[in-house]
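Right, one structure below, let's go through it.
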2 protein chains.
Amino acid sequence: MTVARTARDRARQEITAEILAAGRAQLHRTGPSELSLRAVARDVGMVSSAVYRYFASRDELLTALIIAAYDELGAAAEAADEAVEDRTDHLARWQATCRATREWSVAHPHDYALIYGSPVPGYAAPQDTVMPATRVIVRLVEIIVGAHASGHTSGAAAPPAGAVDPSPVVADAMAFIAEHSDISLEALPELVMRTLMAWSTIFGTLSFELFGHLKGSVSDYESYFEQTTLRLAGDLGLA
Amino acid sequence: MTVARTARDRARQEITAEILAAGRAQLHRTGPSELSLRAVARDVGMVSSAVYRYFASRDELLTALIIAAYDELGAAAEAADEAVEDRTDHLARWQATCRATREWSVAHPHDYALIYGSPVPGYAAPQDTVMPATRVIVRLVEIIVGAHASGHTSGAAAPPAGAVDPSPVVADAMAFIAEHSDISLEALPELVMRTLMAWSTIFGTLSFELFGHLKGSVSDYESYFEQTTLRLAGDLGLA
DNA sequence: ACAATGCAAGAGCAATGCTCTCGTTTGTTG
DNA sequence: CAACAAACGAGAGCATTGCTCTTGCATTGT
């Protein structure tokens, strides 16, 4: 956060925040594709053209909202993990992190759709969004690798017959982790593979729930999710 | 398909199909939320108001396109399964069905986003869409249950310690299968639970791939998907 | 042959994203 | 302190959207 020097700078920051908040509020009422820059302008008592002094386009406003959503979700997940007192109970940490992810998602379905739903066409996520987007999965990786490093594991799911060495497939993911964190996961490609799968399962399940694909198949979404993440933890060898 | 009796009926069916095709084509160029009824009208050489004789609203056009997409995907998956000659090789059938699902999805990303992305706000999927939507998962269930019924299985993943009986959680799904198919899966709640999870993983993975969430983590999407479904098959006990 | 119906066209409404041009306010520089 | 440049808010305007309504024309079944 840069310090606001002049009064104008301060006003600019404030108004920018106001616009973002109004956009946020409108997002909760309508939905990503329905977000109207004019309506946001009305909410903050400005004329539509004035908003363009702060955001060059509707997409730029969306990008800011996307980053905010990623950060909020990431913070919620991290906080839930850190609230677990026994830091060696990796299963509890895993479940808490997953649970917080779901709770934030069902509490903010429109924000969830904004970041995990279909991208708005023609909109390419700028680089600013990638770091906030990784917070949840990075935390999950930390928990899993931490468990394996400290030996708090039971047997993880073994690769089935016919499976090839997943090293080349997950090489990029391993490189990313190696670069952006101090976690060491050399010689654990199968675990990384399973972690990616679990990650996909978690958000696939949430998307299914929030987008209505589980209607008719599952009634108690919370229990279903809980049982799902529990089995994923088992597959990952979390004791 | 009802037989077109009068010339007027025939023209109506033809024009309806033309509108749908134009909508389809436009969808491939832009995206669900960008689909413009006026542009579709222009494509088929009509004025926008004329289209309303065939579809009461933009949402109704979208619904028709959604059903078409579900049916196309379902048909592709079923055809891939049926192309496997050895009907007892349930693993091959599973992999073929999954592979076809992905192939259709990457070939039709916009149609995929239409059915598995964020729903358009205020739009509630009408009842007509639910049966076509179930074709893929029903086929997957058939393969899995068929394998278990005929004994072509190795050990499926066991529920981890602390897991509760998933029966109540998956009761609705079992009731649905019992009603809409002749598959018998009594006393297999854990398998149903794992099947739902695998289903979520498959489409979670596809959503991640198509919506750009795997960028930077996976480079060879095809191999990654293949290895993913292979492990899911293992978890489901497919030999 | 005729009345009823189906249909396409056009005008029109409210709303959208975005651009451009105005004065006005603000901050910096000579 | 004065002058200039940059930032700013307001308003008008453009092209576009989904949708409604009315008006005629063509097709249909009797």
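Every chain is numbered from 1, with letters handed out A, B, ... down the list of sequences.
- Regarding contacts with the backbone of C:dT16, a side-chain N or O of A:R42 is found under 4.0 angstrom from either OP1 or OP2.
- The distance between atom CZ of A:R58 and atom P of C:dC18, rounded to the nearest whole Å, is 7 Å.
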Expected list for residues 37-44 of chain A: side-chain donor-acceptor pairs under 3.5 angstrom, two or more places apart:
none

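- Rounded to whole angstrom, the span from the CG atom of A:L61 across to the C1' atom of C:dC18 amounts to 14 Å.
- Between B:S48 and D:dT17, a side-chain N or O to OP1/OP2 separation shorter than 4.0 Å is absent.
- One N or O on the side chain of A:T134 and one on the backbone of A:M131 form a donor-acceptor pair closer than 3.5 Å.
- Ion pair A:E82/A:R139 flagged as a salt bridge, since at least one NZ, NE, NH1 or NH2 atom sits closer than 4.0 Å to an Asp/Glu carboxylate oxygen.
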Handout entry: B/S/- contact track for nucleotides 4-11 of chain D, protein heavy atom under 4.0 Å
Key = --BBBBBB
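- Distance, B:L62 CG to D:dT17 P: 15 Å, rounded to whole Å.
- Rounded to whole angstrom, the span from the CZ atom of A:R38 across to the P atom of D:dA15 amounts to 15 Å.
- Under the 30°/60° scheme for interplanar angles, the aromatic rings of A:W104 and A:H108 are found to lie parallel.
- We find that CG of A:L37 is positioned 10 Å from P of C:dT16, with the value rounded to whole Å.
- Residues A:D128 and A:I66 form no side-chain contact, since every pair of their non-hydrogen atoms from C-beta on lies 4.5 Å or further apart.
- The nearest whole Å value for the distance from the CG atom in A:L35 to the C1' atom in C:dG17 is 12 Å.
- At whole-Å resolution of the value, CG in B:D59 and P in D:dG18 are 11 Å apart.
- The aromatic rings of A:Y70 and A:Y116 sit perpendicular, their planes meeting at an angle over 60°, well past the 30° parallel limit.
- Atom C1' of nucleotide C:dA8 and atom CZ of B:F55 are separated by 16 Å, given to the nearest angstrom.
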